[in-house]
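Below: one structure, written as structure tokens.
For the single chain, residues carry numbers from 1 onward in sequence order.
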Amino acid sequence: MFKTLAAQVKQYKLPSLLTPFFMALEVVVDILLPKTMGSLIDKGIQAGSLPDIYRYGGYMLLLAFLGLLFGVLAGKYAAQASSGFACNVRDAMYTNIQKFSFSNIDKFSTAGLVTRLTTDVTNLQNAYQMVIRMCFRAPLTLIFSLVMAFSISSRLSMVFVVALAILVVLLGLIISRAMKYFNEVFEKYDDLNASIQENVSAIRVVKAFVREDHENEKFKEAAGGIYKMFVKAESVVANNGPVMMLAVYSCMLSLSWLAARMITAGELTTGELTTLFSYVMSILMSLMMLSMIFVMLTLAAASARRVVEVLNEKPDLLSPENAVTKVADGSVDFENVFFSYPRAAKNAPADDSSESVLSDINLHIHAGETIGIIGGTGSAKSSLVNLISRLYDVSKGCVKVGGRDVRSYDLDTLRNEVAVVLQKNVLFSGTILENLRWGDKDAAVEDCVRVCRLACADEFISRFPDGYETYIEQGGTNVSGGQKQRLCIARALLKKPKILILDDSTSAVDTATDARIRQAFRDEIPDTTKFIIAQRISSIQDADRIIVLEDGVIDGFDTHENLLENNAIYREVYESQTKGGGDFDQRGGAL
């Protein structure tokens, strides 16, 4: 874990080294100040020597200035190092997340990833600054102060040793109790972020169903959980102060009692006693500082584990060595394919057909064909097409594109030739042109207009006052569902793919527009292999062939006419839709 995080210091190694260097110099100055003050009292004030008062007073001013300078420089470099470290950690996490396959992403909740990128990294940033500053300052101050105290009076300094031993035990008990509560806080943060994310993303539904009060209660419960944990933890940590003050005042009283006799006997000067008082404060404050460092590091350790989990997560899907970098054509073959989603149990049989989402799939599709896919909810339609662009790997068998196993391709090459319009259409904040250019970042405006015409999107874009420069709000909330679908189809077409997958992506457009989009596909991209997943048979009946999926198994694969004649499931769905207006999931309760 330490090695993984230390690698993120990178270009901030120099500030990370300069910070403890200047902290050490500041500690030296702080240790010399009390000694100089003692000399000022003994040799200047009590001796009535004005030159010595000026000399030692000047020394104290110089030391104070140097201490201020060293402190400022240490703070400056600590800020650079800790902020840079946090920036590198966030960047490394985000970069690694972009490489995750769907199965990797499935291991982490969205709210959990947000918490790790924000709260957890902030805790690491604070801890790193604490380490390079206080973790050097506190031990050095403690050691140097003890050495200086013993150099003045070893007998009186034993008071510090006894106090230290008692404090170590008491502070250890306090920290151990606080650790338990701090470790539980981060799970509560995940719950809070999940509540916020779900509410904001579904705010229209919340308002439509007048569920604001219910969502407020959920949020209060999540926030209340964090409040309770922090109150418990901070209530324990708050005991640090009283325990420390008790130790400080006990030491001062003990020193005053013992030192009074030594001063009377001429064994100790007033200046030396004043110096000892300064050192006792430095020693005990250093110990208190160390206790707070342990609390901070405990918090950071929990955050570090969560951050390192993301940094060390290896993508399940990688490009092979000597990967193929050219896809010959859009032909697709499924050969004895079994597929199941990764399970938590490591010894679960991945290719056991009883556990498989897809079982014994055999398909041979020519380049340029239009393939319809129909099936009930949960019949694995989306799982089937996800294997084509290798969003998941098969459990058994193989999927071929252009005559080659998809596992032999460079991932970017393969996915650039497969355009997917998902069930849940996603637009990003930015103009329509910026969203379209996700398909081709260098696309000319004319190309964007052309694909929008193919997707029947140009007709509504032209009605916007700003046309293609119209700003799309986050999530596409300022366009309708049908408009969002057509923009996503246009974006996919801009890739000029060899394979186009429409995963129920025309469900929000009317049947006439749906027909025009399909006609445009036939006329404009005849060489592109098209997979159309739909619940409406009208959307796929003119496809070259149609796949009927039933519980992850192919029940039929033929033309519309042949399926009507030979496939009972397809015929029943067709009749329910043409006569009763139903869909696949409403065919007389048969499924």
Can you list, pair by pair, the side-chain donor-acceptor contacts under 3.5 Å of residues 317-327, counting residues two or more places apart and other chains?
from: S319; atom 1: OG; to: D410; atom 2: OD1; distance (Å): 3.4
from: S319; atom 1: OG; to: L411; atom 2: N; distance (Å): 2.9

Listing, residues 283-290 side-chain donor-acceptor contacts under 3.5 Å, not counting sequence neighbours, or none:
from: S286; atom 1: OG; to: S282; atom 2: O; distance (Å): 2.7

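Side chains of V307 and V121 form a contact here, defined as non-hydrogen atoms less than 4.5 Å apart. Here the side chains of C488 and L427 are in contact, with some heavy-atom distance below 4.5 Å. For the pair D30/T141, no side-chain contact is recorded, criterion being any heavy-atom separation below 4.5 Å from C-beta on. Counting only heavy atoms from C-beta outward, the side chains of N386 and F339 never approach each other to under 4.5 Å. In this structure the side chain of I31 reaches within 4.5 angstrom of the side chain of S145, judged on heavy atoms. Side-chain contact between I472 and E434 is absent, with no heavy-atom pair separated by less than 4.5 Å. At least one side-chain heavy atom of E309 sits under 4.5 Å from a side-chain heavy atom of R116. For the pair V310/L113, a side-chain contact is recorded, criterion being any heavy-atom separation below 4.5 Å from C-beta on.
Here the straight-line distance linking atom CZ of F22 with atom CG of L69 works out to 7.5 Å at 0.5 Å rounding. The distance from atom NZ of K10 to atom CG of D91, rounded to the nearest 0.5 Å, is 6.5 Å. Here the straight-line distance linking atom SG of C448 with atom CG of L493 works out to 11.5 Å at 0.5 Å rounding. Atom CD1 in I53 sits 11.0 Å away from atom CD1 in I41 (nearest 0.5 Å). Residue L5 holds its CG atom at 6.5 Å from CG of L311, rounded to the nearest 0.5 Å. For the atom pair CZ (F21) and CD1 (I132), the distance works out to 15.0 Å, reported to the nearest 0.5 Å.
P497 and A492 get closest at one heavy-atom pair: CD-O, 3.7 Å. The minimum heavy-atom distance linking Q125 with A86 is given by the pair OE1-CB, 3.4 Å. Residues C398 and R407 share a closest heavy-atom pair of CB-NH2, 3.3 Å. Across P15 and Q80, no two heavy atoms sit closer than the pair CG-OE1, 3.8 Å. Across every non-hydrogen atom of T19 and A74, the tightest pair is CG2-O, 3.6 Å. Heavy-atom minimum distance, P315 versus K99: CB-O, 3.5 Å.
In terms of modelled atom types and a separation under 3.5 Å, the side chain of R137 and the main chain of V27 share no donor-acceptor contact. Side-chain atoms of S395 come within 3.5 Å of backbone N or O of S340 as a donor-acceptor pair. Using a distance-only test at 3.5 Å, with no hydrogens or angles considered, a donor-acceptor pair links the side chain of N96 to the main chain of E313. Side-chain atoms of D393 never come within 3.5 Å of backbone atoms of D316 as a donor-acceptor pair (strictly under, hydrogens ignored). Remark: the backbone N or O of V418 is paired with a side-chain donor or acceptor of K495 at under 3.5 angstrom. N123 contributes no side-chain N or O that, together with a main-chain N or O of A300, makes up a donor-acceptor pair within less than 3.5 Å. Remark: the backbone N or O of R390 is paired with a side-chain donor or acceptor of R415 at under 3.5 angstrom.
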(request) Step by step, work out the side-chain contact (heavy atoms from CB on, under 4.5 Å) result for E417 and V401. (result) CA-CA 10 Å; E417 296 294 354; V401 171; over 6 Å; no

(message) Apply side-chain contact (heavy atoms from CB on, under 4.5 Å) to residues M148 and T275 and explain how you reach the verdict.
(response) CA-CA 9 Å; M148 295 300 291; T275 303; over 6 Å; no

(message) Using salt bridge (charged side-chain N to carboxylate O under 4.0 Å, His left out), reason through D120 and R306 one step at a time and then give a plain yes or no.
(response) CA-CA 8 Å; D120 286 324; R306 289 159 54 86; 2.7 Å; yes

(message) Is there a side-chain contact (heavy atoms from CB on, under 4.5 Å) between Y279 and L146? Walk through the geometry before answering.
(response) CA-CA 7 Å; Y279 287 142; L146 276 172; over 6 Å; no

(request) Might you work through the side-chain contact (heavy atoms from CB on, under 4.5 Å) test for F70 and V29, ending with a clear yes or no? (result) CA-CA 9 Å; F70 296 148; V29 169; 3.9 Å; yes

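The neighbour count for Y59 OH, taken as heavy atoms of other residues, nucleotides or ligands under 6.0 Å away, does not exceed 12. Annotation: E473, atom CD; neighbour count of heavy atoms from other residues, nucleotides and ligands within 6.0 Å is above 12. Within a 6.0 Å radius of CZ in R404, no more than 12 heavy atoms belonging to other residues, nucleotides or ligands are found. Atom OH of Y227 sits in a sparse spot, with 12 or fewer heavy atoms from other residues, nucleotides or ligands closer than 6.0 Å.
Remark: the Y12 side chain and the S83 side chain contain no N/O donor-acceptor pair separated by less than 3.5 Å. In this structure, a donor-acceptor pair under 3.5 Å is present between the side chains of T122 and R90.
Classification of the Y341-Y392 ring pair by plane angle, with boundaries at 30° and 60°, yields perpendicular.
Remark: S254 engages V159 in a side-chain contact (heavy atoms from CB on, under 4.5 Å) (not counting sequence neighbours).
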